[in-house]
Amino acid sequence: MLDPLSISHFIWYFILGLYVKNNYKLVLFLSLLWEIFEYYITNITYTRQLLIKYWPIPKKYWDENNINRVSDVIINFIGYEIGNNINFK
C-alpha cells in the first residue's frame with residue numbers, strides 16, 4: 001500500500017496544508033482528480049509506453065491497483081492535516 005511515490009504525495013499535500021488552511025473539500029477534489037489523471041495516463045497505450053520508456057521511476061511504483069489509489073488519497077489527507085496544523089507565520 002505504501003511505496004516511494006507515497007512520500008511525494010505526502011510532501012505535496014503537506015506543503016498545501018502549510019498555505020491553504022482548513023479546505024478539506026479542495027484536498028479531496030485535488031486528490032481524486034490526480035488519481036483519475038494517473039489512471040488514464042497509465043492506461044492509455046501511447047502514454048503508458050512513454051512512461052515505460054522515459055520515466056525514471058520503475059513501473060512497479062506507478063502501475064497501481066485500486067488499493068494503492070485509496071492509500072494515496074489517505075496519505076494526501078495525512079500530509080495535508082499535518083501541514084494544516086503547523087502555524088509557521
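Bear in mind that the values here come from a model prediction, so they are computed numbers and not experimental data.
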Undergrad: For Y13, give me all partners under ring-ring contact (aromatic ring centres under 6.0 Å, His included), at least two apart in sequence or on another chain.
TA: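 ring-ring contact (aromatic ring centres under 6.0 Å, His included) list for Y13, sorted by chain: empty.
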
Undergrad: N76 and H9: which non-hydrogen atoms are nearest, and at how many Å?
TA: OD1-ND1, 3.0 Å

Undergrad: Out of curiosity, I15 CD1 to F10 CZ, how far, rounded to the nearest 0.5 Å?
TA: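 It is 10.0 Å, given to the nearest 0.5 Å.
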
Undergrad: In Å and rounded to the nearest 0.5 Å, what is the CD1 to CZ distance from I36 to R69?
TA: 10.0 Å

Undergrad: Does CH2 in W12 sit with more than 12 non-hydrogen atoms of other residues, nucleotides or ligands closer than 6.0 Å?
TA: no

Undergrad: Which distance, rounded to the nearest 0.5 Å, do you find between the CD1 of I75 and the CZ of F14?
TA: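 One finds 14.0 Å between CD1 of I75 and CZ of F14.
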
Undergrad: Are W62 and I7 connected, step by step, through hydrophobic side chains (Ile, Leu, Val, Met, Phe, Trp, Tyr) whose heavy atoms are closer than 4.5 Å?
TA: no

Undergrad: Give a yes or no on whether F37 and L28 share a hydrophobic cluster (residues Ile, Leu, Val, Met, Phe, Trp, Tyr; joining criterion: side-chain heavy atoms under 4.5 Å apart).
TA: no

Undergrad: Please report the C-alpha distance between Y40 and E35 in whole Å, then the side-chain angles of each, then the deciding distance to 0.1 Å, and finally whether the side-chain contact (heavy atoms from CB on, under 4.5 Å) criterion is met.
TA: CA-CA 9 Å; Y40 281 108; E35 291 305 318; over 6 Å; no

Undergrad: Just jot down the side chain to side chain donor-acceptor pair (under 3.5 Å) partners of Y61, sequence neighbours excluded, or say none.
TA: none

Undergrad: Less than 4.5 Å apart, side chain to side chain, heavy atoms only: is that true for I78 and E81?
TA: no

Undergrad: Please name all residues satisfying side chain to side chain donor-acceptor pair (under 3.5 Å) with E38, sequence neighbours left out, ordered by chain then number.
TA: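 By the side chain to side chain donor-acceptor pair (under 3.5 Å) rule, E38 matches W34.
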
Undergrad: Given L30 and L16, is the side-chain contact (heavy atoms from CB on, under 4.5 Å) satisfied, shown in steps?
TA: CA-CA 11 Å; L30 291 175; L16 181 65; 4.0 Å; yes

Undergrad: Kindly say whether R48 contributes a backbone atom to a donor-acceptor pair with the side chain of T42 at under 3.5 angstrom?
TA: no

Undergrad: I need the I57 CD1 to L5 CG distance, nearest 0.5 Å.
TA: 4.5 Å

Undergrad: Tell me every residue that passes side chain to side chain donor-acceptor pair (under 3.5 Å) with N43, counting only those two or more places apart in sequence or in another chain.
TA: none

Undergrad: May I ask you to test the L26-V20 pair for a side-chain heavy-atom distance under 4.5 Å?
TA: yes

Undergrad: What side-chain donor-acceptor pairs closer than 3.5 Å can you find for residues 49-56, not counting sequence neighbours?
TA:
none

Undergrad: Please round to the nearest 0.5 Å and tell me the distance separating atom CD1 of I44 and atom OH of Y39.
TA: 10.0 Å

Undergrad: Side chains of N23 and Y80, heavy atoms from C-beta outward: is any pair under 4.5 Å?
TA: yes

Undergrad: Under a single-linkage definition using a 4.5 Å side-chain heavy-atom cutoff for Ile, Leu, Val, Met, Phe, Trp and Tyr, are V73 and L33 assigned to the same hydrophobic cluster?
TA: yes

Undergrad: So do the side chains of D72 and S31 get within less than 4.5 Å of each other, counting heavy atoms only?
TA: no

Undergrad: List for me each residue that meets salt bridge (charged side-chain N to carboxylate O under 4.0 Å, His left out) alongside K59, sequence neighbours excluded, and say none if there are none.
TA: D63

